[in-house]
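Order of the sequence lines sets the chain letters (A, B, ...), proteins ahead of strands, with each chain counted from 1.
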Amino acid sequence: MIVGVHPLAGFDKLLHYKVPDPMRDAVQVGSLVRVPVLRTMRLGIVGEIGVPKDFPVEKLKAVVEVLHPFPALTPELLQLARWMAGYYACGVDSVIETMLPAAVRRGATVKHEKSLALVRRLTPDELTVLEKKAPQQARLYRLLAQQFRPQLKSLVLSRLGVTAAVATALIKRGFVREELRRVERVAYADDFAHGELVAAQPHTLNPEQAAVVADLESRLGEQKFGVALLHGVTGSGKTEVYLRGIDTTLKAGGGVLFLVPEVALTPQTVARLRSRLEAIAPGHRCVVWHSHLSDGERFDGWLALATGEARIVVGARSAVFAPVANLRLIIVDEEHEPAYKQDETPRYHGRDVAVMRAKLTGAFCVLGSATPSLESFANALAGKYRLLTLTQRVDNRQLPNIDVVDLRIEAMKHRSLTALSDKLVNAMQARFERREQTILFINRRGYSSSMLCTKCGHVEECPHCSIAMTYHRADEMLRCHLCGEQKAAPARCPQCGAPDIRWRGLGTQRVEEAVRRVLPRARIERMDTDAMAKKNRFREVLSQFRAGKIDVLVGTQMIGKGLDFPNVTLVGLIDADMSMHIPDFRANERTFQLLVQVAGRAGRGDRAGDVVVQTFTPQAEAIQFSRRADFAGFAESELKLRKEFHYPPYRHLIHHLFRGPNPEKLKFFAEQWARLVEKELGQIVELRGPSASPIEKIKDEYRWQLWYFTHAVIKVVPALAKLRAGFAWPDDITQVLDVDPVNLM
DNA sequence: ATTAGCTTATGT
DNA sequence: CATAAGCTAATC
């Protein structure tokens, strides 16, 4: 037998090896094997069974070892790896590497501990004989005879101060036997296992939930690929819908993959989920998968899934690759979260990979969010995904009153810029007197500063890409993040002529000081990455806040994730503009998401809460729509905007393509565009072709070309929309996924 | 990734 | 002509 192997050696080639006869039965596609590469031994994944195309069979080396009795990558995952290599333009080997936990990659195998057990009790006579002949063996026997359970071999031997030879001899006599047991660690055994058991009782569904669950269950019953977008407002009980789906799937013998953004994977949330799972599907082990696990913990989880001992995994981005057996349901919670993007090669998007994996396995995929990403929503509108909607809050809590404060007017009133508007200050004082709590959000998304006029709210944008330009203080220049356009930073606002147009958000510290001035007697706590450096500080502050020992909590978005504080009746967003001016074409989308998230924090059972949004651009659509909690309206207007000319066609690829070496895709893209431009202009467009130079050079070349094309096309061809209509990626890419359906043309 | 083996530059 | 430095190609 001859196999093709993807060695994990840093290059993307399939090398072939002979398989020695004794290993034949253990080797299959996906097996983890040890193979010789040049002078070293490397691990690799069997990618195919068959002979090499252009390499003499007689010169092949042989596989040295097969690591596991089961394939480390199921055929389905291997297929996914190949798809990812094409889609994200990276090597299959690097995908395989990210799919396998570090411990597996290093060749870890199952850890066993040896223990000694008594086979039978000896008669007094036998014991005397043994004592005479082999006193050490007799001592060992007596120790074991005193215990009820088998004892750890290493422990017993060191206790008695004898060597393994004694135990071996005793085994040979047939008095004692050796037992192997797999050692296991359970992640978060202390924290997670006995967390809150509050939510363990099964909930009754409201009619809306029941309808969605019924729909989902009938889909699951079909046992084939499909995607549903679950759009449920904050507090509408999406989790309950997931749980019913999980229950149905487990009962049908299927496996479940539950993805959440890393930040949402706190001990509390996992504990809650676990106890609900326990209640709904008793006896199922649930593997938790996230970046803070030790290698050993991750390995054990991986093993439990690969061997089918556990059928459900809850985890962050990298858990999409968990070897869940008979995968039937994939859930991606908060699917709009940018945390699903990996920012190292391979730069994959967890949500998109999840959809593709579902397709390859024939599983059902549920994407859930209160503010779906526009690409998913557009897919739902186009009928590719089934749209399920939850509009009612489970607790019937009312939507908060949202006030938008115009900071330009505020600045004029006070003749200087203030962190807290009068409205916000008054509201905070009222809460303090009523012993209710306030959260102030600082929006620190834009670490790169943009230029914003404090008088009229104007922001300098790139003329080609219509995203905010980044202000570089060192050389007083404005640069475009996308196309590289640059120009001198203006001294006066180009729109209204006001002299001072620099505004770089407020830090948590300054806001905290401002609050202290207006509420000297209030207990204020700050929560940002600096203040939370100490390990348990985060949880400590949260529990104090929950207990009402803190009046005002000032912090960044880290406050908002999956936490619910019942006594918070006021939420202030200090500067809504910051997320609107990040150099990202999803800026409006992000702003909308932030506002909805902020609004979801306000209010309590009996009364609607208040939200104060401070902004320089109160007319912005993202703010206006989120005020009315009108997601569909926002999506419609934003999608329309994206269809219009301003959005360079390659933008959606930036994350995937621009940051890694992807000559193939860039080439493909450049050529497509060249053809379109030629047709439109009626003249030949010269492509600086790929030279046989190293990857970096090609990359730079094509980057330049893309820049060139964008400029040339935008300048010369006004009707870009027409071009866009004629552009299509190959079927296999667009079939299931549109990374960004509007821009994917 | 790693490295043998080839080409080219540098210096006496 | 020796040595160093740069580059390419192969890994089964």
The salt bridge (charged side-chain N to carboxylate O under 4.0 Å, His left out) partners of A:Lys18 (sequence neighbours excluded) come to none
Would you mind reading off the distance between A:Leu43 atom CG and B:dA1 atom P, rounded to a whole angstrom?
17 Å
Quick check on side chain to side chain contact (heavy atoms under 4.5 Å, CB included): which of A:Leu360, A:Val46, A:Leu73 does A:Leu78 satisfy it with?
A:Leu73
Any luck finding a side-chain donor-acceptor pair between A:Ser369 and A:Glu335 under 3.5 Å?
no
Residues in side-chain hydrogen bond (donor to acceptor under 3.5 Å, both in side chains) with A:Asp333, at least two apart?
A:Tyr242
Can you label the angle between the A:Phe321 ring and the A:Tyr348 ring as parallel, tilted or perpendicular, going by 30° and 60°?
perpendicular
Taking N or O atoms only and anything under 3.5 Å, show me the protein contacts with nucleotides 9-12 of chain C, one pair per line.
{"from": "C:dC12", "atom 1": "OP1", "to": "A:Leu38", "atom 2": "N", "distance (Å)": "2.9"}
{"from": "C:dC12", "atom 1": "OP1", "to": "A:Lys61", "atom 2": "NZ", "distance (Å)": "2.6"}
{"from": "C:dC12", "atom 1": "O3'", "to": "A:His16", "atom 2": "O", "distance (Å)": "2.9"}
{"from": "C:dC12", "atom 1": "O3'", "to": "A:Lys61", "atom 2": "N", "distance (Å)": "2.6"}
{"from": "C:dC12", "atom 1": "O2", "to": "A:His16", "atom 2": "N", "distance (Å)": "2.8"}

